[in-house]
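Below is one structure, written out as structure tokens; the observations come after it.
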Amino acid sequence: MTRYHCAHAWLPTGVAADVLVEIAGGRFVAVRPDTPLDAPEAAGAVRLAGLTLPGLANAHSHAFHRALRGRTQRGRGTFWTWREQMYAVAGALDPDSYHALAVAVYSEMALAGITCVGEFHYLHHAPGGAAYTDPNAMGEALIAAAADAGIRITLLDTLYLTAGVDGRALEGVQLRFGDGSFDAWSTRLDRLRPRPHARIGAAAHSVRAVPVDALTAFAARTDGLPTHVHLSEQRAENEACLAIHGRTPTELLADRGLLGGRVTAVHATHLSDTDRAELGDSGTGVCCCPTTERDLADGIGPARALADAGSPLSLGSDSHAVIDLFEEARGVEMHERLHTERRGHFTGAELIGAATAAGHAALGWPHVGTIAVGGRADLVTVALDSPRTAGCDPAAIGFAATAADVRHVLVDGRAVVRDGVHTAVPDVGAALREALATVTADARAVPGAPSEADDRRRIGAAR
């Protein structure tokens, strides 16, 4: 039995003071608010100053995109020109270099209070598309990296078959993403096994990358698994889908049975009224990634309208332009303010819920994300005396704190971060520098991917 005394804790009923938490076997066995530190039952408890939250869940990650931070902001461009730089990084990785990078990235997440990551994994094969001896070598590298960084992972193994809505073949770096057929992908998925810290889910990359017939098979194959899909991130995707199928991407997914409570749509930025109703009525979740959506100039999605329609909202750092779920949570609210020219669309409790319980549920971990008896014992303590949080009402922490304010992190009752230092990777900055130096040097030698002009020309031809 381990005891922690939280000066303040975020409980399902709200923020409470003097909360004694008892942990055994990696789970909460007692949660007692209004228990002073000098109470007999608190004897020997470890004091956690500040505000203690449940573990945060990063519901959408592409770990290798971390290599692009601070390197893709020069000059003008669009999502499509950014993608060329992303492809160069994707072309440079192998299982060893990907493991080293992912350990560093997941350790950065742990420092930010993230105790579980949803890895939207499509970088499957060797250059040219040849399978490694273990066809899941890249996915296994990610699962091992999460264990080394001390966090949980849901590996969302991704089906990626085509280079556009028109069904054209993969080329260049994209060949690393594809299995050649739905059946080959399904067979490879069968070889992945869950572990105590890892669950196996699935993803359909997008309507660009999965033909309609494969979407139907995918929906049936993944029934019961946490399932994610990029949806309507770009207007060009919507235009091509309407031109070729006479349906929006959301309508296409609905036709193919790929909506519902186990499904999370990532981004959902450019939606019609019908799209929003389809997602909400089916209980399909939506993962918002505001810092990436800003960085890539994607646009502002209808987060409040989606929540009101019935879609649970979760949060992701996606391309890792920033790894900070407080910033992602604030971004959801601030985007609404910019769009509507009004304040106050989400409460602090709604935003923290998106960062905690909703994110874990979207990743298939339903008993994580609340500080409650029986739940898995994840705790994240945030300072209330930093230059950012001093004077802050604890209930409004989502509007003030940053990842830099995280002081302690427990995962299943194990200390992963103590006093702001990762217990297994003491110098995360050095780990990132070393891993990134290898990846970026190798990326310089990778031939360029299809250009924005190529994509626009092909979309136009498909019309």
Side-chain angles (χ1 to χ4, degrees), residues 10-15 51 53-54 56-60 112-114 230-233 235 250 261 264-318 321-362 369-370 382 388-389 391-403 405:
W10 194 291
L11 304 183
T13 53
V15 175
L51 171 64
L53 301 165
L56 308 181
N58 186 352
H60 189 65
I114 293 164
H230 289 132
L231 181 67
S232 291
E233 181 180 6
R235 295 186 191 275
T250 301
T264 297
V266 182
H267 302 301
T269 304
H270 302 288
L271 302 177
S272 68
D273 291 343
T274 300
D275 293 340
R276 290 194 295 273
E278 288 269 21
L279 293 169
D281 289 348
S282 62
T284 302
V286 171
C287 181
C288 303
C289 306
T291 64
T292 291
E293 289 150 10
R294 289 199 297 270
D295 184 55
L296 300 184
D298 284 342
I300 295 174
R304 183 70 261 175
L306 284 164
D308 290 343
S311 290
L313 301 185
S314 55
L315 302 172
S317 63
D318 192 1
V322 173
I323 295 179
D324 186 339
L325 286 198
F326 298 107
E327 178 63 24
E328 303 296 346
R330 273 194 298 278
V332 172
E333 168 67 21
M334 298 309 172
H335 282 188
E336 289 287 332
R337 294 184 185 189
L338 286 173
H339 179 66
T340 65
E341 300 181 31
R342 297 195 315 274
R343 302 176 76 242
H345 299 270
F346 291 91
T347 65
E350 287 178 304
L351 296 176
I352 294 298
T356 55
H360 289 289
T370 59
V382 180
R388 293 161 295 280
T389 61
C392 173
D393 179 346
I397 194 69
F399 294 98
T402 73
D405 297 310

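- Here the side chains of N58 and L315 are not in contact, with every heavy-atom distance at 4.5 Å or above.
- In this structure, L351 and F399 have side chains that are in contact, with non-hydrogen atoms separated by less than 4.5 Å.
- Remark: the backbone N or O of G344 is paired with a side-chain donor or acceptor of E333 at under 3.5 angstrom.
- Remark: the backbone N or O of E278 is not paired with any side-chain donor or acceptor of D281 at under 3.5 angstrom.
- A donor-acceptor contact shorter than 3.5 Å is absent between the side chain of E233 and the backbone of T269.
- Nearest heavy atom pair, residue T284 against residue A265, reads CG2-N, 4.2 Å.
- Two residues are said to be in side-chain contact when any heavy atoms from C-beta on lie closer than 4.5 Å; L271 and P302 meet this criterion.
- Within the 4.5 Å cutoff, no side-chain heavy atoms of T370 are placed close to those of W10.
- A distance-only check finds no donor-acceptor pair linking the side chain of T389 to the backbone of C392 [under 3.5 Å].
- At distances below 3.5 Å, at least one donor-acceptor pair connects side-chain atoms of D275 with backbone N or O atoms of S272.
- Side chain of S311 to main chain of A307: no donor-acceptor pair is present (N/O by atom type, distance under 3.5 Å, no hydrogens or angles).
- L313 has its side chain out of reach of E350: every pair of non-hydrogen atoms, C-beta onward, lies at least 4.5 Å apart.
- Donor-acceptor pairing under 3.5 Å is lacking for the side chains of D298 and H270.
- Taking the six-membered ring where the residue is Trp, H60 and H230 present perpendicular rings, their angle passing 60° and hence far from 30°.
- A donor-acceptor distance shorter than 3.5 angstrom exists from the side chain of R330 to the backbone of A401, with no hydrogens or angles considered.
- Atom CG of L51 is separated from atom CG of D405 by 11.0 Å, given to the nearest 0.5 angstrom.
- Within the cation-pi definition used here (under 6.0 Å to the ring centroid, within 45° of the axis), R304 qualifies as a partner of F346.
- Put simply, the side chain of D324 gets close to the backbone of A403: a donor and an acceptor are under 3.5 Å apart.
- Taking R294 as the reference, E327, H335 meet the side-chain hydrogen bond (donor to acceptor under 3.5 Å, both in side chains) condition, with sequence neighbours excluded.
- Formation of a donor-acceptor pair under 3.5 Å by the T292 side chain with backbone atoms of C289 is not found in this model.
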